[in-house]
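What follows is a single structure, written as structure tokens, with notes after it.
For clarity, every value in this text was computed on a predicted model and none was experimentally measured.
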Amino acid sequence: MAAAQAYDIRSVDRAEVLRYLGYSGQQLTAELDARIDAGVERCLALARPTGCVRVFDVSGRDERDGEPVISLAGTALELRGRSIAAHLAGAEAVGVLAVTLGMGVEAELRRLSLSDRVGQLIFDAAGSALVERAADAAETTVVAAAAERRLFCGTRFSPGYGDFPLATQPVLLATLDAQRALGITLSSELLMAPTKSVTAVVGLFAEPREDAGHESCAACLCRDFCLLLRSGRTCRD
């Protein structure tokens, strides 16, 4: 059972918020500029970023019905599909994570949908950027666990990417006891509530991955939350 951890996130990358809004260099009015800033601040104020993380050894690699399947030791969780098999090729262990911003953000999204469509779009973009920052924070737990085992992390990969099926979600969330710990539930269409929630897996490898995103601390998305840096180490030591 994974204990929930709260993440102290006080800012998001404004460029990421603009990207989620579909911004491509067009001129922003002073009014819209101010509304974006206000939406981000409101989202930061209402969000309660929390997450659960566990790391499991890879216990098997099989092929069933022509589809690769990766099994994780001590769990019913199976990672199916060619996309995730390629992403985790050579992984010795896998970090499994779930994060959410909580129901405060969800309630505000519903309120804005009834009263302020532009405000809802801005707030939704801010929430998307913020939940990815929460996933960055959760990933640092996997990075630290990898370092303790003298392994190296790859990048996050979520159900729904490539042919990694959304049908993975129920067992993934149950493996983390995410409903109890984080309040995350699934609809009949396998969509998470709160909607600003993310699940992902991260491979742990014997050798550094060129695409891992942890090549340097300066460019690492996890830098602000890194447990190793706080202890005077890096994942490359």
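- Nearest approach of Arg80 to Phe164, heavy atoms of both residues: O-CD1, 3.5 Å.
- Note: Asp37 CG to Arg42 CZ = 15.5 Å, rounded to the nearest 0.5 Å.
- Across all their heavy atoms, Ser83 and Phe157 have their closest contact at CB-CZ, 3.8 Å.
- Exactly one of Val201, Val142, Asp136 qualifies for a side chain to side chain contact (heavy atoms under 4.5 Å, CB included) with Arg156. That residue is Asp136.
- Side-chain contact between Arg54 and Leu77 is absent, with no heavy atoms from C-beta onward closer than 4.5 Å.
- When all heavy atoms of Thr199 and Ala98 are compared, the closest pair comes out as CG2-CB, 4.0 Å.
- Val69 and Tyr161 are assigned to two separate hydrophobic clusters, defined by single-linkage of ILVMFWY side chains at heavy-atom distances under 4.5 Å.
- For the atom pair Leu101 CG and Arg133 CZ, the distance stands at 12.5 Å (nearest 0.5 Å).
- Atoms CD and OG1, on Gln5 and Thr141 in that order, are 5.0 Å from each other to the nearest 0.5 Å.
- At a threshold of 4.5 Å between side-chain heavy atoms, the hydrophobic network of Ile, Leu, Val, Met, Phe, Trp and Tyr places Leu21 and Val118 in one connected group.
- In this structure, the side chain of Asp13 engages the main chain of Ala15 through a donor-acceptor pair within 3.5 Å.
- The local environment of CD in Glu67 is crowded, with over 12 non-hydrogen atoms from other residues, nucleotides or ligands closer than 6.0 Å.
- In this structure the side chain of Leu172 reaches within 4.5 angstrom of the side chain of Pro159, judged on heavy atoms.
- Between Phe205 and Cys153, the shortest heavy-atom distance links the atoms CD1-C, 4.4 Å.
- In the hydrophobic clustering of this structure, Val171 groups with Val58; members are Ile, Leu, Val, Met, Phe, Trp, Tyr whose side-chain heavy atoms approach within less than 4.5 Å, directly or through other members.
- Residues Ser113 and Gln120 share a closest heavy-atom pair of CB-NE2, 3.4 Å.
- Judged purely by atom type and a 3.5 angstrom limit, Thr50 has no side-chain atom pairing as donor or acceptor with the backbone of Leu182.
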Next item on the list: Before giving the answer on side-chain contact (heavy atoms from CB on, under 4.5 Å), spell out for Tyr23 and Val17 the whole-Å C-alpha distance, their side-chain angles and the decisive distance to 0.1 Å.
Entry: CA-CA 9 Å; Tyr23 177 74; Val17 178; over 6 Å; no
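- The distance from the CD atom of Gln27 to the CG atom of Asp33 is 9.0 Å, given to the nearest 0.5 Å.
- Around atom CD of Glu31, no more than 12 heavy atoms belonging to other residues, nucleotides or ligands sit under 6.0 Å away.
- Looking at Lys196 and Asp124, a side-chain N of the basic residue comes within less than 4.0 Å of a carboxylate O on the acidic one, giving a salt bridge.
- In this structure, Arg61 and Ile70 have side chains that are in contact, with non-hydrogen atoms separated by less than 4.5 Å.
- No side-chain heavy atom of Thr75 sits less than 4.5 Å from a side-chain heavy atom of Val96.
- With sequence neighbours excluded, the residues forming a salt bridge (Lys or Arg N to Asp or Glu O under 4.0 Å) with Arg64 are Asp62, Glu78, listed by chain and number.
- Between Val202 and the options Leu97, Val94, Thr155, a side chain to side chain contact (heavy atoms under 4.5 Å, CB included) holds for only Leu97.
- Environment of OH in Tyr20: crowded, with over 12 heavy atoms of neighbouring residues, nucleotides or ligands closer than 6.0 Å.
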Checklist line | side-chain contact (heavy atoms from CB on, under 4.5 Å) evaluation trace for Asp57 with Arg149 | finding: CA-CA 11 Å; Asp57 290 330; Arg149 300 168 70 159; 2.2 Å; yes
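- Residues Pro170 and Leu190 are in side-chain contact: their nearest non-hydrogen atoms beyond the backbone lie under 4.5 Å apart.
- Atom CD of Glu16 and atom CG of Leu130 lie 12.0 Å apart (nearest 0.5 Å).
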Notebook entry, point to check: Hey, mind stepping through Leu186 and Met192 against side-chain contact (heavy atoms from CB on, under 4.5 Å) and telling me if it holds?
Noted result: CA-CA 5 Å; Leu186 285 174; Met192 289 184 286; 3.6 Å; yes
Margin query: Walk me through whether Ser187 and Glu189 qualify under side-chain hydrogen bond (donor to acceptor under 3.5 Å, both in side chains).
Written below: CA-CA 5 Å; Ser187 72; Glu189 293 80 25; 3.3 Å; yes
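- Looking at heavy atoms from C-beta onward, Phe123 lies in side-chain contact with Leu46 at the 4.5 angstrom threshold.
- Interatomic distance, Ile36 CD1 to Leu28 CG, rounded to the nearest 0.5 Å: 5.0 Å.
- The heavy-atom pair separating Val55 from Ala93 by the smallest distance is CG1-CB, 4.2 Å.
- With hydrogens and angles disregarded, no donor-acceptor distance shorter than 3.5 Å links the side chain of Gln169 to the backbone of Leu191.
- Between Glu132 and Val198 the shortest side-chain heavy-atom distance falls below 4.5 Å.
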